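Counting starts at 1 for both ligands and their atoms, in listed order. Keep in mind that this is a model prediction, so the values were computed, not measured.
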Amino acid sequence: MKSSYSIVLLPGDGIGPEVTAGARSVLESVASRFELAFDFREFDFGGIAIDRWGTPLPEATLSACMSAQGVLMGAIGGPRWDALKGEDRPEAGLLALRAGLGVFANLRPVSVPPSLAHLSVLPPAKVEGVDILVVRELTGGIYFGKPRILEADYALDTMRYTVAEIERITRVACRWAESRSGRVTSVDKANVLAVSRLWRETASRIVRDEFPGVQLDHMYVDNAAMQLVLNPRQFDVILTGNLFGDILSDLASTLAGSLGLLPSACLGGVTPLFEPVHGSAPDIVGRNQANPVAAILSAAMMLDEWGQNEAAQSVRDAVEFVLESGLKTADLATEEEETTSTSAFVTQVVNHIERVSITN
Ligand code: IPM
Ligand code: MG
């Protein structure tokens with residue numbers, strides 16, 4: 001019997017609809033090859049939902065996400081909504097969605113296979129073989145701490161973590177480390193912040209008591225940013241809070257060559273949510289230029305989360321094959337190089353998946 005899965009698509013704004021459509025085509029080709037059935041439903045989310053419904057996360061969208069087996073998001077936001085106040089912005093919808101689903105663990109893998117090291121902004125010799133998993137806490141910290149105040153003459157945000165929140169994200173990082181090289185680097189700012197002192201103490205205790213086989217190191221966030229550029233291969237699993245994880249994952253994306261390559265999974269809640277790390281890229285909207293790889297690889301992470309590892313691997317193999325063959329969307333090309341459109345790139349990935357299925 002076919003395994004079937006209900007997927008909510010949240011194309012969102014900017015290039016979101018273009019890359020989500022690409023990921024959907026790839027999932028459809030995987031479905032026929034691996035005897036899977038997907039039931040896709042699309043909902044408004046982000047700026048487009050503000051325009052249509054007056055809120056970035058309409059009730060109908062959240063409840064569909066809660067009852068689906070996976071949520072695949074595109075991107076949200078854009079200049080059109082930039083003048084809105086904090087709680088009315090598209091980003092507020094994303095935070096409400098993460099909180100509503102309770103997805104506290106954000107996995108952001110950054111890997112650079114040797115064949116693709118030339119895409120990086122750093123010299124290939126430095127990034128070849130980089131394989132980092134950023135485990136970012138996603139539903140706490142300064143993103144959600146109260147009070148949050150914005151007055152004419154001062155403003156306040158609150159960075160807050162409970163021991164329980166730090167414990168559970170530490171366990172996620174350690175479980176991943178056990179299936180990799182066994183190393184976790186916990187990133188904080190314990191030389192200044194009280195929250196970071198609690199973070200450090202708690203992470204150390206969990207590793208000591210529950211994961212004796214894991215090697216835990218601590219690093220200040222400023223140094224971690226420098227080390228990611230100087231010697232990225234020293235990292236395996238990076239465990240960090242919401243704000244530092246946001247910043248370091250964008251930085252780490254430069255190792256791979258482009259933010260357009262990086263997928264992410266938000267786990268640990270009611271329904272897993274998968275989002276490309278990149279934003280809505282207003283400068284290239286509607287031009288069929290966006291890199292669909294991050295969205296496609298996010299779909300692969302969804303397949304993994306469901307235990308469909310073979311299907312997930314076939315997607316990753318196809319993406320790697322197409323990138324290796326030299327096809328490049330604009331974000332990956334130098335000025336002299338020829339570029340490929342979003343849809344042409346997706347077609348090549350789909351062709352590869354189908355070709356392999358025929359020869360198997
Ligand atoms: C990300 C994004 C979001 C974040 C924004 C859009 C709220 O930058 O997923 O990294 O800060 O978490
Ligand atoms: Mg970010």
Side-chain angles (χ1 to χ4, degrees), residues 10-16 19-20 45-50 55-57 61-62 65 71-82 84-110 132-145 148 157-159 161 165 169 187 221 224-225 228 238-256 258-269 272-283 285 290-291 293-295 297-298 301-302 331:
L10 304 176
D13 310 315
I15 59 168
V19 297
T20 313
F45 179 55
I48 190 171
I50 294 176
T55 167
L57 179 61
T61 300
L62 180 60
C65 292
V71 179
L72 191 58
M73 193 196 108
I76 53 153
R80 188 179 157 80
W81 305 281
D82 267 351
L84 295 173
K85 282 210 306 294
E87 64 274 23
D88 301 327
R89 297 174 63 92
E91 289 85 346
L94 179 55
L95 299 187
L97 177 63
R98 291 170 178 170
L101 294 176
V103 284
F104 69 90
N106 185 204
L107 309 182
R108 297 189 158 184
V110 179
I132 299 171
L133 179 66
V134 178
V135 177
R136 169 192 180 196
E137 200 291 328
L138 200 61
T139 53
I142 198 166
Y143 271 54
F144 291 94
R148 166 168 291 153
D157 290 285
T158 304
M159 186 184 274
Y161 268 117
E165 284 173 317
I169 193 71
V187 172
V221 62
L228 272 169
I238 293 180
L239 160 66
T240 192
N242 209 339
L243 179 63
F244 298 156
D246 178 48
I247 299 166
L248 292 181
S249 58
D250 267 34
L251 175 61
S253 77
T254 63
L255 305 171
S258 168
L259 211 44
L261 294 172
L262 297 194
S264 89
C266 313
L267 309 178
L273 163 68
F274 301 85
E275 346 166 327
V277 176
H278 63 70
S280 59
D283 49 323
V285 177
N291 189 340
V293 169
L297 293 180
S298 296
M301 290 184 88
M302 180 164 71
D331 56 318

For this session: Report yes if some heavy atom in the side chain of Ile50 is under 4.5 Å from a heavy atom in the side chain of Phe45; otherwise report no.
Result: no
For this session: Under 4.0 Å, heavy atoms only, figure out whether ligand 1 is touched by the backbone of Arg108, its side chain, both or neither.
Result: side chain
Exercise. Taking C-beta and beyond as the side chain, do Leu262 and Leu297 meet within less than 4.5 Å on heavy atoms?
Worked result: no
Exercise. What protein heavy atom is closest to atom 4 (C) of ligand 1, reported as residue, atom name and distance in Å?
Worked result: Tyr143 OH, 3.5 Å
Seminar exercise, completed: the protein heavy atom lying closest to atom 8 (O) of ligand 1 turns out to be Asp246 OD1, 3.2 Å
Exercise. Do the charged groups of Arg80 and Asp13 touch, with an N to O distance under 4.0 Å?
Worked result: no
Problem set entry | Heavy-atom check, side chain of Leu228 versus side chain of Ile132, under 4.5 Å | yes
Problem set entry | Sub-4.0 Å atoms of ligand 1 with respect to non-hydrogen atoms of Glu275 | 9 (O)
Exercise. Taking just the N, O or S atoms of Asp246, which one is nearest to the Mg ion (ligand 2)?
Worked result: OD1
Exercise. Are Asp246 and Tyr143 linked by a side-chain donor-acceptor pair shorter than 3.5 Å?
Worked result: yes
Exercise. Any side-chain heavy atom of Leu10 sitting closer than 4.5 Å to one from Val71?
Worked result: yes
For this session: Check whether any heavy atom of Arg136 sits under 4.0 Å from an atom of ligand 1.
Result: yes
Seminar exercise, completed: Ranked by distance from atom 3 (C) of ligand 1, the top protein heavy atom is Arg98 NH2, 4.0 Å
For this session: Work out which heavy atom in Ser280 is nearest to a heavy atom in Gly77; give both atom names and the distance.
Result: OG-O, 2.8 Å
For this session: Could you tell me which atoms of ligand 1, counted from 1 in the order shown, lie closer than 4.0 angstrom to a heavy atom of Glu91?
Result: 6 (C), 7 (C)
Exercise. How does His278 reach ligand 1, if at all, at less than 4.0 Å between non-hydrogen atoms: by side chain, backbone, both, or neither?
Worked result: neither
